[in-house]
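Please read all numbers here as calculations on a predicted model, not as lab measurements.
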Amino acid sequence: MLNVDFLFTFVGMKMDTKVYSAPLQGFTEVAWRNAHCRVFGGVEAYYTPFVRLEKGEVRNKDRREVSATQNQVANLVPQLIASEPEEMEQLVRFLLAEGYRTMDVNMGCPFPLLTKRCKGSGILPYPDKVSGLLAVMEHFPEVQFSVKMRLGWEDFREWESLLPLLNQSCVQQVTLHPRIGKQQYKGTVDLENFSAFYEQCTLPLVYNGDLGSVDSILQLILQFPRLKGVMLGRGLLADPSLAQAVQTGKVLETGKLYHKVFEMHELIFDQYSRNIEGGEAQLLQKMKTMWEYLLPDMDKKARKAIVKSTRLDKYLDAVALALR
């Protein structure tokens, strides 16, 4: 592993690379985004978990997620997921009515419930379906579209038939996670196919996948200097200071990090307390969700006290003891 200070010095002017916050269902919701932006920052744009149709209508949960009255981040990009042109057009019109002029199209979600309906990475084996969604984009010249995708659904080279379509489209940016959908988040990323994609892609390209430290991000930038940016998902959930550290060159020491995580936790708790219905049990369950990724190197005894809490007051005591 290379020395982080050396990498910052060596990368130098390349550090204009943008850092984006990835959309993760159940994690990077409005409460997390608002709190992260206020306490840590360092993020160029926050992407919402995908908006989709359910029984022909936009879900109420998704409406709240993209509502301007709820969101306090400066640059929010809503993501939508669709498999049919009519479906996508309805979602684009909804987001336009909400005031958005930048939107991301999900072609990467690996979860079977959606992929079996040709949504997310399930659309990647079907160039005709991808072409149908790209054609819808032409109907909305006022919108800047981007696409977040994987290398394929079940074949690491499915991208080869899709990239020419993207290069010729009105898409303004591509984010590539170099796994296939069937892997979900298992196994390793395929940098060989990412490199081939990188060489052939004429659009601004963002890398996403398995970036959990400053040095891993800087080494990636050195390897692929034409990248427009990196998108952080699980790495940013684990260490909320990661984007800020990449942008500033200053890695927080553990005590300072924990203090700021506690501040962020308080903001998230406050927003969920006001918005979640169903009492303390539901609120407790929602707060505990973030610990699936957050601060994996924390003292095991302190983490156990947090995740095994069965009462809200005990949970809050355990969090305060661990972080303050």
Engineer: Does any N or O in the side chain of Gln173 come within less than 3.5 Å of the main-chain N or O of Pro204, such that one atom is a donor and the other an acceptor?
Structural biologist: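 Side chain of Gln173 to backbone of Pro204: no pair is present.
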Engineer: Counting only heavy atoms not in His259 (residues, nucleotides, ligands), do more than 12 fall under 6.0 Å from its NE2?
Structural biologist: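 Result for NE2/His259: open.
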Engineer: Please answer whether the main-chain N or O of Ile306 pairs with a side-chain N or O of Ser309 as donor and acceptor at a distance below 3.5 Å.
Structural biologist: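 Judged by distance alone, yes, a pair lies under 3.5 Å.
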Engineer: Hey, are the side chains of Lys129 and Leu133 touching, using non-hydrogen atoms and a 4.5 Å cut-off?
Structural biologist: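 A side-chain contact is absent here, since even the closest heavy-atom pair is not under 4.5 Å.
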Engineer: At their closest point, which heavy atom of Ile180 faces which heavy atom of Arg150, and how far apart are they?
Structural biologist: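 In terms of heavy atoms, the two residues are closest at O-NH1, 3.1 Å.
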Engineer: Are more than 12 heavy atoms from other residues, nucleotides or ligands located less than 6.0 Å from atom CD of Glu192?
Structural biologist: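 Check fails, neighbour count at 12 or below.
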Engineer: Determine yes or no for a side-chain-to-main-chain donor-acceptor pair under 3.5 angstrom, with Asp210 supplying the side chain and Ser216 the backbone.
Structural biologist: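 Pair absent, no side-chain N/O of Asp210 close to backbone of Ser216.
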Engineer: Do NZ/NE/NH1/NH2 and the carboxylate oxygens of Arg274 and Asp270 come within less than 4.0 Å?
Structural biologist: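 Looking at Arg274 and Asp270, the cut-off is met.
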Engineer: Looking only at the side chains, is there a donor atom on one of His177 and Tyr207 sitting less than 3.5 Å from an acceptor on the other?
Structural biologist: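 No, because no side-chain N or O of His177 sits under 3.5 Å from a partner of the opposite role on Tyr207.
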Engineer: So does Lys228 pair up with Glu44, basic N to acidic O under 4.0 Å?
Structural biologist: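 Looking at Glu44 together with Lys228, the answer is no, because their closest N to O distance does not fall below 4.0 Å.
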Engineer: How close do Ser241 and Asp239 get, heavy atom to heavy atom, and via which atoms?
Structural biologist: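 Ser241 and Asp239 have their closest heavy atoms at OG-OD1, 2.6 Å.
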Engineer: Would Asn208 and Thr175 satisfy side-chain hydrogen bond (donor to acceptor under 3.5 Å, both in side chains), going step by step from the backbone distance to the final call?
Structural biologist: CA-CA 7 Å; Asn208 169 237; Thr175 299; over 6 Å; no
Engineer: Side chain to side chain donor-acceptor pair (under 3.5 Å) with Asn106: which of Lys148, Gln79, Lys119?
Structural biologist: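 Filter result, single survivor: Gln79.
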Engineer: Does any N or O in the side chain of Arg234 come within less than 3.5 Å of the main-chain N or O of Leu211, such that one atom is a donor and the other an acceptor?
Structural biologist: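 No; judged by distance alone, with no hydrogens or angles, the pair does not exist.
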Engineer: Backbone N or O of Gly255 within a donor-acceptor pair of the Glu253 side chain at under 3.5 Å?
Structural biologist: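 Yes, because the side chain of Glu253 sits within donor-acceptor range (under 3.5 Å) of the backbone of Gly255.
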Engineer: Kindly give the heavy-atom pair with the smallest separation between Pro127 and Leu162, and that separation in Å.
Structural biologist: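 Closest pair (atom of Pro127, atom of Leu162, distance): CA-CD2, 3.8 Å.
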Engineer: Answer yes or no: are there more than 12 heavy-atom neighbours, outside Arg63 itself, under 6.0 Å from its atom CZ?
Structural biologist: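 Counting neighbours around CZ of Arg63, more than 12 heavy atoms of other residues, nucleotides or ligands fall under 6.0 Å, so yes.
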Engineer: Counting neighbours of CZ on Phe140 that are heavy atoms of other residues, nucleotides or ligands and sit closer than 6.0 Å, is the number greater than 12?
Structural biologist: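 Count over threshold, so yes.
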Engineer: Indicate yes or no: at least one non-hydrogen side-chain atom of Leu236 is less than 4.5 angstrom from one of Ser21.
Structural biologist: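 Sidechains of Ser21 and Leu236: in contact.
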Engineer: Is there a chain of hydrophobic side chains (I, L, V, M, F, W, Y, each step under 4.5 Å between heavy atoms) that links Val77 to Tyr20?
Structural biologist: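 Looking at the clustering, Tyr20 is in the same group as Val77.
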Engineer: Should Leu237 and Val307 be counted in the same cluster of Ile, Leu, Val, Met, Phe, Trp and Tyr side chains packed under 4.5 Å apart?
Structural biologist: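 Looking at the clustering, Val307 is in the same group as Leu237.
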Engineer: Could you measure the distance from the CG atom of Leu294 to the CD atom of Glu292? Nearest 0.5 Å is fine.
Structural biologist: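 So the gap between those two atoms works out to 11.5 Å.
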Engineer: Assess whether side-chain contact (heavy atoms from CB on, under 4.5 Å) is satisfied between Asp62 and Phe94, documenting all intermediate values.
Structural biologist: CA-CA 11 Å; Asp62 294 340; Phe94 162 71; 5.8 Å; no
Engineer: So Lys286 and Glu29, salt bridge (Lys or Arg N to Asp or Glu O under 4.0 Å) or not? Walk me through it.
Structural biologist: CA-CA 11 Å; Lys286 188 62 182 176; Glu29 298 174 337; 3.0 Å; yes
Engineer: Does any N or O in the side chain of Glu87 come within less than 3.5 Å of the main-chain N or O of Ser83, such that one atom is a donor and the other an acceptor?
Structural biologist: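 Yes.
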Engineer: Does the side chain of Tyr47 reach to within under 4.5 Å of the side chain of Thr28, using non-hydrogen atoms?
Structural biologist: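 With C-beta onward as the side chain, the pair stays apart.
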Engineer: Test side-chain contact (heavy atoms from CB on, under 4.5 Å) on Val130 and Val147 and set out the steps.
Structural biologist: CA-CA 11 Å; Val130 173; Val147 168; over 6 Å; no
Engineer: I'd like to check Val189 versus Phe194 (side-chain heavy atoms, cut-off strictly below 4.5 Å). Are they in contact?
Structural biologist: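 Side-chain contact under 4.5 Å: no.
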Engineer: Would one find more than 12 heavy atoms of other residues, nucleotides or ligands at under 6.0 Å from atom CZ of Arg101?
Structural biologist: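 Yes.
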Engineer: Hey, any chance Leu312 and Ile276 share a hydrophobic cluster, counting ILVMFWY side chains that come within less than 4.5 Å of each other, even indirectly?
Structural biologist: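 In one cluster with Leu312: Ile276, yes.
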Engineer: What pair of heavy atoms forms the shortest contact from Pro85 to Gly132, and how long is it?
Structural biologist: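 Answer, listing the atom of Pro85 first, then Gly132: CG-O, 3.9 Å.
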Engineer: Under 3.5 Å, is there a donor on one side chain and an acceptor on the other for Asn71 and Arg33?
Structural biologist: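 Result is yes, a qualifying pair exists.
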Engineer: Counting neighbours of CZ on Arg59 that are heavy atoms of other residues, nucleotides or ligands and sit closer than 6.0 Å, is the number greater than 12?
Structural biologist: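 Yes - once you tally the heavy atoms of other residues, nucleotides and ligands closer than 6.0 Å, there are more than 12.
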Engineer: Going only through I, L, V, M, F, W and Y residues with side-chain contacts under 4.5 Å, is there a path from Trp153 to Val174?
Structural biologist: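 Per the 4.5 Å side-chain linkage, Trp153 and Val174 are not co-clustered.
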Engineer: Would you name the heavy atoms of Gln90 and Gly56 that are closest together and state the gap between them?
Structural biologist: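 Closest pair (atom of Gln90, atom of Gly56, distance): NE2-O, 2.8 Å.
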Engineer: Taking atom CD as the centre, does Glu277 end up with more than 12 heavy-atom neighbours from other residues, nucleotides or ligands that are less than 6.0 angstrom away?
Structural biologist: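 For Glu277, atom CD is not crowded (no more than 12 foreign heavy atoms under 6.0 Å).
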Engineer: Might you point out which heavy atoms bring Val171 and Ser146 nearest each other, and give the distance in Å?
Structural biologist: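 Residues Val171 and Ser146, closest heavy atoms: CG1-CA, 4.2 Å.
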Engineer: Quick one: do Arg311 and Asp313 make a salt bridge, cutoff under 4.0 Å?
Structural biologist: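 The answer is yes: the pair qualifies as a salt bridge.
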Engineer: Indicate the ring-plane relationship of Tyr185 and Phe111, choosing parallel, tilted or perpendicular according to the 30° and 60° boundaries.
Structural biologist: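 If you compare the ring of Tyr185 with that of Phe111, the planes turn out tilted.
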Engineer: Would you mind reporting whether Leu134 and Phe145 have side-chain heavy atoms less than 4.5 Å apart?
Structural biologist: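 Phe145 vs Leu134: side chains apart.
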Engineer: Look at the rings of His265 and Tyr315 and say which category their plane angle falls in: under 30° parallel, 30 to 60° tilted, over 60° perpendicular.
Structural biologist: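 Ring orientation of His265 relative to Tyr315: tilted.
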Engineer: Checking the side chain of Lys260 only, and the main-chain atoms of Val39 only, is there a donor and an acceptor separated by less than 3.5 Å?
Structural biologist: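 A pair under 3.5 Å: yes.
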Engineer: With a sphere of 6.0 Å drawn around NZ of Lys61, does it hold more than 12 non-hydrogen atoms of other residues, nucleotides or ligands?
Structural biologist: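 Yes, enclosed.
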